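All values reported here derive from a predicted model rather than from experimental measurement. Sequential numbering from 1 along the given sequence is applied to the chain's residues.
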Amino acid sequence: MMSSPLLPPARAGRAAEYLTETEATDAELDRMTELALGRGARTVALGRGNSPAAARATDGFARRWEAAGGTIICTITWPETAASWLRQATRFAAADPDLWVMAGPATGWAQMTRRLLWSTPWHPERTLAFAALGTRDVTSLVGTHNLPGLTGPTADGGTWEVTDGALLTHPS
């Protein structure tokens with residue numbers, strides 16, 4: 001477990017320099033829906049950073065999810081910078097859905113995820129995250145070893161997952 005839920009300031013600053021958020025592709029959105037359905041989920045809590053790309057990604061997923069008969073039980077938005085992310089993390093975890101879905105810029109996602117791990121009963125293995133978050137640079141901000149079972153689609157419709165402390169990618 002990490003020594004603090006907050007990223008050290010120098011690490012957070014460096015992360016913003018080399019991590020960019022990408023737009024979710026149609027293949028990614030379709031695969032995200034397939035992954036959620038494949039897990040037998042019926043209810044989903046959406047969590048996202050406060051960026052236009054994250055809003056479009058979660059909106060695109062929500063449309064597909066609801067068209068497939070699923071229910072969105074809440075949408076939580078978190079900032080890129082905050083004192084602790086505790087309020088957002090508590091609300092997100094308290095929803096206790098079948099599945100959590102996350103999108104957003106890397107630094108805010110890492111801070112939110114660290115707070116989830118530190119302060120809530122959230123489980124990475126019950127979570128799907130968009131392709132922009134499924135990179136070694138991004139998962140290392142949280143500590144890949146802290147994210148067992150975290151899974152998501154790749155931009156081309158494949159899948160990535162965290163297993164045994166490593167990020168693995170499977171082609172479409």
*Asks:* Same hydrophobic cluster for W109 and L167, using side-chain heavy-atom links shorter than 4.5 Å among ILVMFWY?
*Replies:*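 Yes, W109 and L167 fall within the same hydrophobic cluster.
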*Asks:* Can you tell me if W122 and T127 form a side-chain donor-acceptor pair at under 3.5 Å?
*Replies:*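 Their side chains do contain a donor-acceptor pair, which is all the 3.5 Å distance test asks for.
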*Asks:* Hey, what's the ring geometry for F61 with F130, parallel, tilted or perpendicular (30° and 60° as the breaks)?
*Replies:*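 Aromatic pair F61/F130 classed perpendicular.
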*Asks:* Could you tell me if the side chain of D26 sits less than 4.5 Å from the side chain of R64, heavy atoms only?
*Replies:*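 Yes; the side chains approach each other to less than 4.5 Å.
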*Asks:* Look at R31 together with E28 and state whether they make a salt bridge at an N to O cut-off of under 4.0 Å.
*Replies:*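 Salt bridge absent between R31 and E28.
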*Asks:* Using side-chain heavy atoms (C-beta onward) and a distance below 4.5 Å, is T154 in contact with T169?
*Replies:* yes
*Asks:* Any side-chain heavy atom of S84 sitting closer than 4.5 Å to one from Q111?
*Replies:* no
*Asks:* Is it the case that the side chain of D98 and the backbone of R42 share a donor-acceptor pair, with hydrogens and angles ignored and the cut-off at 3.5 Å?
*Replies:* yes
*Asks:* Looking at D96 and R126, is any side-chain nitrogen of the basic one under 4.0 Å from a carboxylate oxygen of the acidic one?
*Replies:* yes
*Asks:* For the backbone of G143 and the side chain of S140, can you confirm whether one donor and one acceptor N or O come within less than 3.5 Å of each other?
*Replies:* no
*Asks:* Do R91 and W78 make a side-chain contact, defined as non-hydrogen atoms from C-beta onward lying under 4.5 Å apart?
*Replies:* no
*Asks:* Evaluate whether atom CZ of R39 has more than 12 neighbouring non-hydrogen atoms of other residues, nucleotides or ligands under 6.0 angstrom away.
*Replies:*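 It does: R39 CZ has more than 12 such atoms within range.
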*Asks:* Can you check whether Q88 reaches M112 side chain to side chain, under 4.5 Å on heavy atoms?
*Replies:*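 Q88 reaches M112 side chain to side chain.
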*Asks:* Please tell me whether L117 and I76 are part of a single hydrophobic cluster in this structure, the criterion being side-chain heavy atoms less than 4.5 Å apart.
*Replies:* yes
*Asks:* Would you indicate whether the side-chain heavy atoms of W85 and P79 approach each other to under 4.5 Å?
*Replies:*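 Heavy-atom side-chain distance check passes, below 4.5 Å.
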*Asks:* Does any donor atom in the side chain of T43 or T71 lie under 3.5 Å from an acceptor atom in the other side chain?
*Replies:* no
*Asks:* Short question: side chain of T159, backbone of P153 - any donor-acceptor pair under 3.5 Å?
*Replies:*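 No; zero donor-acceptor contacts below 3.5 Å.
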*Asks:* For a 4.5 angstrom cut-off between non-hydrogen side-chain atoms, does W65 reach L46?
*Replies:* no
*Asks:* Rounded to the nearest 0.5 Å, how far apart are OG1 of T163 and CG of L168?
*Replies:*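 Between atom OG1 of T163 and atom CG of L168 there are 5.0 Å.
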*Asks:* With rounding to the nearest 0.5 Å, note down the distance linking CG in L99 to NE2 in H123.
*Replies:*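 Rounded to the nearest 0.5 Å, the CG-NE2 separation comes to 12.5 Å.
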*Asks:* Are L128 and W100 close enough that some pair of their side-chain heavy atoms sits under 4.5 Å apart?
*Replies:* no
